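Presented below is the structure to which this report refers.
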Amino acid sequence: MGVLSVKYNFDPRTKLIIVLCLSTLGLILTDIYQLTIVLMVGIGISNFFGGNFFKLLGRLKKMLSLLIFIIILQSLFTKGGHSIFTIGSFDIITNIGLNRGLGYLLRVLIIITSGLIIATSSDRDMIQGIVKLGLPYEFAFMTAIGIKFMPLLIEEFKDTYIAIQLKGIEFKTLSLSQRFKISSYILTPVIASAINKSKQLSISVENRAFRVYEQRTSIIDLKFTHMDYLLLFMALTGTLLTLYIT
Amino acid sequence: MNNYIEVKGVQCFLDNRKVLDDINLSIGKKEIVSIIGPNGSGKTTLSKIIIGIVKYSHGTVALNGREVKEMTLGEIGKKIGYLFQNPDKQIFTPTVYEELSFAYGYNNNLNINNKEESIDEILEIFDLKHLKNNSTYFLSPGEKQRLALASILINKPEFLILDEPTTGLDYKRKETLSKLLKRYENQLGILLISHDMNFVKKHAHRTLLMESGCIIGEI
């Protein structure tokens, strides 16, 4: 499938519109089965464009435990429905709670899939795609830079976490309050470094005459192909039909 | 000699690329060994394998007789002090004092009763006393380097791994670092990774040469 997407070199606008469709459905639909179908379609599309959802999921292993924790919390604090698991007279998990938790997980996975679809185009192509869709260049540039910096920030979180442990701190032996206190130490240097990086970046882009002229020209010329039109037709029809039926 | 670090037949792949091949290395408890080699030869990867940050596929790595794979990073951190190439990576508290006192709150190997005394002593040794309550974010590169090393040594490690400690330091700062290292040379073992032959010559008992993921000789 990925080979086909390379062959046709899809327009980034097609990908952006498909992501818009997926995220709209993810936001509006509440039924677990429907959300599951949207996710499956999203995974299929990301695979078609050359992304690998399951490989990405493997990289996000640590985040998954946090997601599962949030699902359990959602489930615990949702009242109503019939109980699935009780301790004494307390309903720990109800069917409505479980539904909300699963819905949350599916929505997050749909967002991850959307990110993966966007990541199959280069930053420069994606900026051009956003501009051609009518959004200001500054906004497109900001978005692309933001996406580009995400892995760097994740890397810094990891480095600080390692540095803390290398001070002889064993997380497993710490109490919950100590863990929370240490978390603030992880956050602070990452935020400080992000501010520093953005300062340096702003100086760098200013030095390269960013926004000197009102109109910005580009060497990249985007053109819809027949395959783009076909995909857009399928995505928009599918989305509208789903919304109409539900 | 009683070996503190024992690396046997280690092979490591990163992104399906072989970065280390059949590495064998033994370092005594109070021995100072340096590794030199061109960029990308695998020096930093090897040091990260020794402290358990990077996983290896074949062979064994043992610290004081214990397999690294069986130890947590916290356990390794109590034994080994690791100085990153970029000190910004390991300074994470808002002030110099907090950076030095951090481990006292969590590392049960340290005696909390000696906390203030030890901090004052290390501040004195590393010429950081005047910066005790300063923010860590506005320190100069040399000060950051000294603070990173001080915060490692206050943990009283048994062994030090220094990854390119002279990077970005001018001659004067290198001299200061050299004097500081001399002070600790008889107390603990050191693995020194560097490009700087002059610096290495001053400290190392033996120097290993790495190229393309292999140790190709000893100088």
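Fair warning: this is a prediction, and the values are worked out from it, not measured in the lab. Keep in mind that the numbers below use all heavy atoms, side chains included, and drop hydrogens, waters and symmetry copies. Naming convention: chains lettered A, B, ... in sequence-line order (proteins, then strands); numbering from 1 in each chain.
Residues of residues 64-79 of chain B that come closer than 4.5 Å to chain A, counting heavy atoms only, are Thr72(B), Leu73(B), Gly74(B), Glu75(B), Gly77(B), Lys78(B), ordered by residue number. Scanning residues 123-133 of chain B against chain A with a 4.5 Å non-hydrogen threshold yields no residues.
Put simply, CG on Asn196(A) and OH on Tyr137(B) are 10.0 Å apart, with the number rounded to the nearest 0.5 Å. Put simply, CG on Asp88(B) and CD on Glu156(A) are 9.0 Å apart, with the number rounded to the nearest 0.5 Å.
In terms of non-hydrogen atom pairs under 4.5 Å with chain A, the most contact-rich of Phe84(B), Tyr82(B), Phe102(B) is Phe102(B). Ranked by heavy-atom pairs shorter than 4.5 Å toward chain B, the options Ile162(A), Ile164(A), Thr160(A) are led by Ile164(A).
Interface remark: Ile80(B) contributes backbone atoms only to the contact with chain A (heavy atom separation under 4.5 Å). When heavy atoms are compared at a cutoff of 4.5 Å, Pro94(B) approaches chain A solely by way of its side chain, counted from C-beta outward. Looking at Leu174(A), the atoms closer than 4.5 Å to chain B (heavy atoms on both sides) all sit in the side chain, from C-beta outward.
Using a cutoff of 4.0 Å between basic side-chain nitrogens and carboxylate oxygens, Glu155(A) and Lys89(B) are not scored as salt-bridged.
The number of heavy-atom neighbours closer than 6.0 Å to CZ of Phe224(A), taken from other residues, nucleotides and ligands shown, is above 12.
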Show me the donor-acceptor pairs, under 3.5 Å and distance only, between side chains in residues 181-192 of chain A and residues at least two apart or in other chains.
residue	atom	partner	partner atom	Å
Ser183(A)	OG	Arg179(A)	O	2.8
Ser184(A)	OG	Lys181(A)	O	2.6
Thr188(A)	OG1	Ser184(A)	O	2.6

Report all side-chain donor-acceptor pairs from residues 182-193 of chain B shorter than 3.5 Å, counting only partners two or more places apart or in another chain.
residue	atom	partner	partner atom	Å
Lys182(B)	NZ	Lys202(B)	O	2.7
Glu185(B)	OE2	His203(B)	ND1	2.5
Gln187(B)	NE2	Arg183(B)	O	3.1

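The side-chain heavy atoms of Asn155(B) and Leu166(A), taken from C-beta on, include no pair separated by under 4.5 Å.
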